[in-house]
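Here is the structure we will look at, set down as C-alpha cells.
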Protein chains: 2
Amino acid sequence: MSRIPATERRAALAHAALAVISRDGLAAATTRAIVAEAGMPLASFHYAVASRDELLRDVVELVVAEEGVAALAPLLAKAGSIREAAKLALSGYLEFVRRDPGHEQAMFELTQYALRTPGLSDLPAEQYARYHALATELLDAATAQLHPDWSVPMPDLARLLVSFTDGLTLAWLADRDDAAAARSIDLAAVAIAGFAREKVRA
Amino acid sequence: MSRIPATERRAALAHAALAVISRDGLAAATTRAIVAEAGMPLASFHYAVASRDELLRDVVELVVAEEGVAALAPLLAKAGSIREAAKLALSGYLEFVRRDPGHEQAMFELTQYALRTPGLSDLPAEQYARYHALATELLDAATAQLHPDWSVPMPDLARLLVSFTDGLTLAWLADRDDAAAARSIDLAAVAIAGFAREKVRA
DNA sequence: CGTCGTCTGGGACAGTTGTCCCACTTCGGC
DNA sequence: GCCGAAGTGGGACAACTGTCCCAGACGACG
C-alpha cells in the first residue's frame, strides 16, 4: 500500500463504498467490505474517516455532486416537440437505469437509510433539492431549444418530473417490465407536453 | 405466555415485525426486537418461522394483502370532475402518508431489501402488481361515477398513477415540503384529467 | 542527517446478530 | 388417566460487526 494522504483515501473509500452498495446493497457495505473493495487495510478506514455513517454521508454527497442528467441533454437535440423531447429524455434515463440497476437501487437505499439515521437525516432534502435543480436545468434546455410557453411554474414541473422518474424507476426495478415502462413514458411525455403551449414550427 | 398455535404466532410476528420496521427501520428489525414487540420469548421465533427472511416474506405479503387505497374511494363521491377526483384521492393519499410516514418508508425499505435478497427477489413484482391492481380499481370507481371516455388504456394509466404516488411520497419523505407536494398533486391531477374526455354535466 | 508528524497495518475488543439445542410444560385423543 | 405431539423458554453458540490501539515505517522539513 503506497502512501496516500487521508483526504484522498477518504474519497477513494467513498467511491469504493458506492461500488459495494451498487453491487451488493447497503446492508453488505460493511467497513471490511468497503476497504476490501478499495484495497486498503481495515485500519485505514477509521484513520481516513471518523465513522461508517460519516463515510455514507460522503457517499451521498458524492452522488449528489455527480453530473447526473447532463448526459440526457444531447438527446433533446433530436426532438421537434416537447412531447418528443420528454419521451427521449425519459427513455434515455430508463436506459441508464437498465444498464446499471444497482446504482439506482443504491440511491434509494441510501435515501431511506439516511432518513432513519439521526446524523444523516438532513441529507435526503439536499439530495432531492439537487434532483429538482437538475430537472429544472433539463427543462430549461428544452425550453431554450423549442421555446414553448409553459402554463405552470418551472420548479413545479421539475418536481413532477422527478417524482415520475422515481416512480418509473421503482416500478421497473420491481417488475422489470420494459414494455409497461415504455408505455408509462409515452403517457408521461403527453402529460408534460400538455403543460406547454408550443409555437408553430416551419 | 399462553399457548398459541404456531400459525397464529407466525401472523403475530409478521404484524410485530411491520410495527418495528415502521417505527425503527428495517435494519432495526432484528429477531430480538421483533419478539420483544410481540411479547414472545426469542425461541418462539424459530419455532414459528424458519428464518428471518421467511418472516419478512410474510410481512410483504401481509402488506400486499391489506386494503390500501380502499379508504380513498369515498373521497371520489364529492368530486364533480376527473381533475377534482384525482386531486382529492392524491391529497387523501398524501394525508395518509403524513399521518404515518414510517409505514410508507417501511414499504420502500422492504421492496429494496427483497430485491437484494435471493429468496425474496420475486416479491417486489407481486407487490407492484397489487399496487397497479389497486390503482385500476380506484380509476374504475371514478369512471363509474363520472363516465368519462379515456384516451389511453386503463392499466397504463394505473401504472402512471402508481409511479406518481411513489415519486410524490419519496420526495415528500425527503424534504417534507407540504406546499410543494400540494402543487405536484395539482399538476398531476390536471395531467390525469387530460387523458379523460368528460361528458358535459347538467 | 535527524526528527517529528503523517501514514500504515496487524491485531484485538466488546457488542450484536441469526440460529439452534434441550429440558420443560401443556393439551387433545385414546 | 396417559401419552405422544405441540408449544414454551432459557441459555448458548459461532459469526460478524464497528471501532480502537499500538508498534512500526515513511517522507518532508529543519
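What's counted below: heavy atoms across the whole structure, side chains too, no hydrogens, waters or symmetry copies. Lettering of chains follows the sequences in order, A, B, ..., and the numbering in each one begins at 1.
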Between N or O atoms, less than 3.5 Å apart, protein on one side and nucleotides 23-30 of chain C on the other: list the pairs.
{"unit_1": "dT26(C)", "atom_1": "O2", "unit_2": "Arg3(B)", "atom_2": "NH2", "d": "3.1"}

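Rounded to whole Å, the distance from CD on Glu8(A) to C1' on dT6(C) is 14 Å. Residue Phe45(B) contributes atom CZ, which lies 12 Å from atom P of dT17(C) at whole-angstrom precision. Taking atom CG on Leu55(A) and atom C1' on dT19(D), their separation rounds to 14 Å, with Å as the unit. Atom-to-atom, CZ of Arg9(A) to P of dC7(C) comes out at 9 Å; the value is rounded to the nearest Å. Separating the CD atom of Glu54(B) from the P atom of dC20(C) is a distance of 12 Å, rounded to the nearest angstrom. Summarising the geometry, the separation between CG on Leu42(B) and P on dG11(D) is reported as 12 Å, rounded to the nearest angstrom. Here dT19(D) presents its C1' atom at 14 Å from CD1 of Ile34(A), a figure rounded to the nearest Å. In this structure, CD1 of Ile4(A) is placed 13 Å from C1' of dT6(C), rounded to the nearest angstrom.
For His46(B), the NE2 atom sits in a packed shell: over 12 heavy atoms of surrounding residues, nucleotides or ligands are nearer than 6.0 Å. The number of heavy-atom neighbours closer than 6.0 Å to NE2 of His15(B), taken from other residues, nucleotides and ligands shown, is 12 or below.
Note that CD1 of Ile185(B) is 5.0 Å distant from CG of Leu168(B), once rounded to the nearest 0.5 Å. If you take CZ on Arg183(A) and CG on Asp177(A), they are separated by 6.5 Å, rounding to the nearest 0.5 Å.
Taking every side-chain heavy atom of Tyr47(B) into account, dA6(D) is the closest of dC7(C), dT19(D), dA6(D). Among dG7(D), dT19(D), dC21(D), the nucleotide with an atom closest to any side-chain atom of Ala6(B) is dG7(D). Of the listed nucleotides (dG9(D), dG18(D), dG9(C)), dG9(D) has the atom at the smallest distance from the side chain of Pro41(B). Taking only side-chain atoms of His46(B), from C-beta outward, the nucleotide of dT19(C), dT19(D), dG10(C) with the closest atom is dT19(C).
Side-chain contact, Glu198(A) with Ser81(A): no donor N or O sits under 3.5 Å from an acceptor N or O.
Contacts between residues 18-33 of chain A and DNA chain D, defined by a heavy-atom separation under 4.0 Å, are made by Thr30(A), Thr31(A), Arg32(A).
Taking the six-membered ring for Trp and thresholds of 30 and 60 degrees, Tyr128(B) and Tyr131(B) have ring planes more than 60 degrees apart, a perpendicular arrangement.
In this structure, Ser51(A) and Pro5(B) both approach DNA chain D, and ranking their closest nucleotides by distance from the 5' end singles out Pro5(B).
One finds no salt bridge joining Arg83(B) and Asp186(B) here, because no Lys/Arg side-chain nitrogen approaches an Asp/Glu carboxylate oxygen to under 4.0 Å. Under 4.0 Å is where a charged nitrogen must lie from a carboxylate oxygen, and between Glu54(A) and Arg10(A) at least one such pair does.
Screening residues 22-34 of chain A for side chain to side chain donor-acceptor pair (under 3.5 Å) gives Arg23(A)-Glu37(A) as the qualifying pairs, with residues at least two apart or on separate chains.
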